[in-house]
Protein chains: 2
Amino acid sequence: MPVSGKTRKDVLTEFRHQEILEAACQVFAERGFREATLDEIAGKAGLAKGTLYLYFSSKEEIFQSVMYSRLSELMARMRTAVSSGSTAAERIRNIIKARLEFFRSDEAFWRIYYTEFGQLCQQRHVKDERFRELFLQATQLVAPVLQEGMERGELRRMPPMAAAMALLDLLRNTMALYLMGMQKEEVDLEQFVFDLFWGGVAAPGGSQTAREIP
Amino acid sequence: MPVSGKTRKDVLTEFRHQEILEAACQVFAERGFREATLDEIAGKAGLAKGTLYLYFSSKEEIFQSVMYSRLSELMARMRTAVSSGSTAAERIRNIIKARLEFFRSDEAFWRIYYTEFGQLCQQRHVKDERFRELFLQATQLVAPVLQEGMERGELRRMPPMAAAMALLDLLRNTMALYLMGMQKEEVDLEQFVFDLFWGGVAAPGGSQTAREIP
DNA sequence: CAGTTTTATGACCGGCAAGTCATGAACCTG
DNA sequence: CAGGTTCATGACTTGCCGGTCATAAAACTG
């Protein structure tokens, strides 16, 4: 075995995995899991269908693999984001920036992510259990940032998990509108999301102010 | 023909349509469009598969029928909501109330709606064109409310369509978390959504205030 | 109640796509 | 280059499900 620790075989295997996952990502993004066919994925990767089974054991596994590799990356970036910056506002901004950047850099994966999300509340979808947990993890990364902000008096009191979810929603859907081309108005997404989340829609100094939600 | 204008046949037809749509709604909610089978729908309606084809011409048509009947109802309620109330805050509250009420009253349909939404950004999904328009209609109902609020100085300036979408997102996802049981904290959903949308997360009187977005 | 029409049924057909495997190509290795 | 080993292929198998239709049950009619 070479010093690098990788045999020729390892390199090929790694290379094929990447090829396949890349093709799969595109096809899943276009068609969704059910409508995607292994023939199309194989074709796009320049391979025959049988070859896919040399590297993965099922369509399901290919899908999981795409999701897992990309989500790990996203979570890593989020961890960096939440731990840099001193005020709540700064950290929130970092989170927004990190996610927008990540998803903008990989539109195809984003489409898969969004679709998968939409299936989270179908009742008989065992496969989604894992995905639901991954989503919860992201929320649990954001919630403490908000909670700390509340304790410091930078944010008003509200349920931190619910608020964290709201922020992620807002991001997800702003991204969706952008990608679907429904966002006619030219907007700085980062600024828009931050302002809306931070200050809501009310005019500053208006008559009605938001309440504390204990 | 009887005075009522309905023959016995009309009544039976109407009745079967309802039976089938009700069963279909449940099954689509559990499985999603692709995974739902006509056998299961027929079974749940107490009919045989062939019978479905006496009343509908395809699986697709059954699905469209479910969507269309429910969405008409929702749009009707939204129209009432946006036109009652004098201040922007009141109207926003009415919109929130109307949607939460509607979706709470029909959980199964809500799941279908949410899933369908998640597929909106798959690229090759011709069938969704119509659905996308229906969604846009809802947004176009809300946007003027916000715009008017801005003109009266009740809301700060921001792109009205983008803000309207954000409100609908927030509602959709708050509802999702509630239905998935991820919302641990006991929260008054209506109040929570309103406060967040209206005032954001920032503590009143904090140092950083939201900017106007022209 | 016989005859006719309407409504319901479920076995069956056909197409599709996941997954398999016998065959063959490419590539080592001595 | 012979013999063996790894990698790639795509025709084939298999199960599934939307849609059909010959048959039967129910309802209506006179």
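Just so we're clear, the structure is a prediction, and the values are computed from it rather than from any experiment. Numbers restart at 1 for each chain; the letters A, B, ... are given by sequence-line order, proteins then strands.
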(message) Between the side chains of B/Glu148 and B/Arg91, is the shortest nitrogen-to-carboxylate-oxygen separation below 4.0 Å, so that they form an ion pair?
(response)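 So B/Arg91 pairs with B/Glu148 through a salt bridge.
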Task: Closest approach of A/Leu146 to A/Ala164 (non-hydrogen atoms, all atoms of both residues) - done: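 Scanning both residues, the minimum pair turns out to be CD1-N, 3.5 Å.
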Can you confirm whether the side chains of A/Gln26 and A/Glu22 place a donor and an acceptor under 3.5 Å from each other?
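Per modelled atom types, A/Gln26 and A/Glu22 side chains form a pair under 3.5 Å.
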Q) Hey, are B/Gln191 and B/Asp195 close enough side-chain-wise for a donor-acceptor pair under 3.5 Å? A)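 Note: B/Asp195 and B/Gln191 side chains meet the donor-acceptor criterion.
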Can you identify which nucleotide, out of [options], has its nearest atom closest to the [X] side chain?
X	options	answer
B/Leu54	C/dA18, D/dT9, C/dT9	C/dT9
A/Thr51	D/dA8, D/dG10, D/dG18	D/dA8
B/Leu12	D/dG18, C/dG10, C/dT7	C/dT7

Notebook entry, point to check: Does A/Lys49 get its side chain close enough to the base of C/dA17, under 3.5 Å, for a donor-acceptor pair?
Noted result: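 Answer no: no donor N or O sits under 3.5 Å from an acceptor.
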| task | Name the residue closer to the 5' end of DNA chain C, choosing between B/Arg34 and B/Arg16 according to the nucleotide with the nearest heavy atom. | result |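 Nearest nucleotide further toward 5': that of B/Arg16.
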### Message
Nearest heavy atom decides the nucleotide; on that basis, is A/Ala36 or B/Tyr55 closer to the 5' end of DNA chain C?
### Response
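This one resolves to B/Tyr55.
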* May I have the distance from A/Asp39 (atom CG) to C/dA18 (atom C1'), rounded to whole angstrom? =>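 Interatomic distance, CG of A/Asp39 to C1' of C/dA18: 9 Å.
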Worksheet entry | Rounded distance in Å - CD (A/Glu35) to P (C/dA18) |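 Whole-Å distance recorded here is 11 Å.
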**Request:** Indicate, with a heavy-atom threshold strictly under 4.0 Å, whether A/Leu38 touches base, sugar-phosphate, or nothing.
**Result:**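 Sugar-phosphate, no base atom in range.
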